[in-house]
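Just so you know, these numbers use all the heavy atoms, side chains as well, and skip hydrogens, waters and symmetry mates. As the structure lists them, so they are numbered: ligands from 1, and atoms in each ligand from 1.
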Amino acid sequence: PLIPVILAGGKGERFWPLSRRQRPKQFLSLDGSGESLLQATAQRLLPLADNWNNLWVITAGPIADGVREQLPSLANHNLLVEPQGKDTAPAVAWTTLEIAKRYGKDAVIGFFPADHWIKNTDDFEKTLNAASQLASAEKAIVTLGIKPTYPSTGYGYIEQGELTDHFDNLPVYKVNRFTEKPDLETAKSFLETGQFSWNSGMFIFRVGVVLEELEKHAPQVLKPLQEKGQAAYEELEKTSIDYALMEKTELTYVLPANFGWDDLGDWNSLERLIDSDGDNVELGNHVTLDTKGAIIYSSDQQEVIATIGLEDVVIVRDKNVTLVVNKNRTQDIKKLLKELQNDS
Ligand code: GDD
Ligand code: MG
């Protein structure tokens with residue numbers, strides 16, 4: 001089996017005001033189903049893990065209680081709580097060290113973001129089974145590649161090399177290079193070649209393989225954690241696994257991921273998540289004359305949001321906050337939050 005680890009320490013600020021400090025994006029149910037992104041992630045990974053004993057979560061101090069509440073079946077010794085968020089490289093390194101103690105160096109583990117949407121669970125499982133087989137057969141860091149649709153600057157890019165093998169009928173390619181969050185020009189040039197896919201943010205490998213690679217390419221992350229455990233966090237620099245390891249290692253493979261994937265980056269992704277037959281995407285009680293292309297979200301169904309003649313706006317009502325933002329400025333919510341913090 002695979003030991004899945006959910007990376008659940010991020011803030012997801014771009015979903016403010018629905019995401020708040022104690023309630024980050026992974027705790028939200030963005031499709032209105034009532035199941036949070038974190039809960040859906042755990043449910044999707046359980047069949048691969050076999051049972052709750054093999055499922056791990058690493059998260060940050062302030063939201064650890066929220067994780068326990070959301071995943072009551074999660075074993076307490078499978079929940080790692082970071083004293084402070086230092087991005088994903090320390091999270092991956094620390095978890096891998098802990099997992100090595102329990103399962104040994106040959107265990108195959110996988111890291112999964114807590115806040116993604118996946119359409120077809122059966123295909124997802126099939127792809128992950130193939131990825132696990134590859135990781136156990138080869139010295140490999142396995143990634144899942146998403147077919148890119150536009151030159152995004154918010155993703156990692158994977159350049160596909162030669163075809164090496166098949167597992168469960170799925171083709172496996174060696175990766176020539178990995179580039180994290182390129183600028184727009186570079187992203188455009190990548191897309192033109194047709195050889196690049198987006199990095200899905202999921203990584204699968206053997207414990208021993210990744211420890212060796214971290215020692216080689218990111219000793220500044222691994223060593224302090226080896227020596228001091230979580231006490232090392234204070235001195236660690238913030239760095240993501242994509243920069244610290246993926247851009248440097250030569251052991252990367254990619255499997256094309258065809259299960260339907262969305263990383264739900266900001267409010268606009270609701271348009272892809274929710275089928276809407278009208279003019280607007282509405283989660284909440286929206287009454288309108290001639291508003292088009294709007295995304296409306298209210299956490300209280302009793303409240304009415306009334307609009308007339310608007311275009312391309314996002315309106316979100318949650319508790320004491322109402323946000324109205326132009327659809328092409330939703331990235332700037334992070335900036336707005338900084339202003340708000342400075343004011344208070
Ligand atoms: N435990 C822990 N600690 N988890 C963290 C931390 C941390 O300090 N920082 C982030 N995470 C979690 C987030 O909650 C999320 O589930 C996952 O790690 C990835 O972090 P993001 O901050 O969302 O990364 P990203 O979206 O900018 O980029 C990554 O994902 C893209 C796909 O969505 C990269 O891997 C890209 O290459 C990739 O394309
Ligand atoms: Mg992300």
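- Judged purely by distance below 3.5 Å, without hydrogens or angles, the side chains of Asn129 and Ser132 never pair a donor atom with an acceptor atom.
- With contacts defined as side-chain heavy-atom distances shorter than 4.5 Å, the pair Thr164/Tyr173 does not qualify.
- Here the two rings, on Trp261 and Tyr155, have centers that are under 6.0 Å apart.
- Hydrophobic clustering, with ILVMFWY side chains joined whenever heavy atoms are under 4.5 angstrom apart, keeps Trp198 apart from Val254.
- Within 4.0 Å of ligand 1, contacts by protein heavy atoms are made from Leu7, Ala8, Gly9, Gly10, Ile58, Thr59, Glu82, Gly85, Lys86, Asp87, Thr88, Ala91, Pro113, Ala114, Asp115, His116, Tyr155, Gly156, Glu180, Lys181, Asn199, Ser200, Gly201, Asp242, Trp261, Asp263.
- Of the possible donor and acceptor atoms, none in the side chain of Asp279 sits under 3.5 Å from a partner among the backbone N and O of Lys292.
- Contact of the Leu79 side chain with the Val67 side chain is registered, since non-hydrogen atoms from C-beta on lie closer than 4.5 Å.
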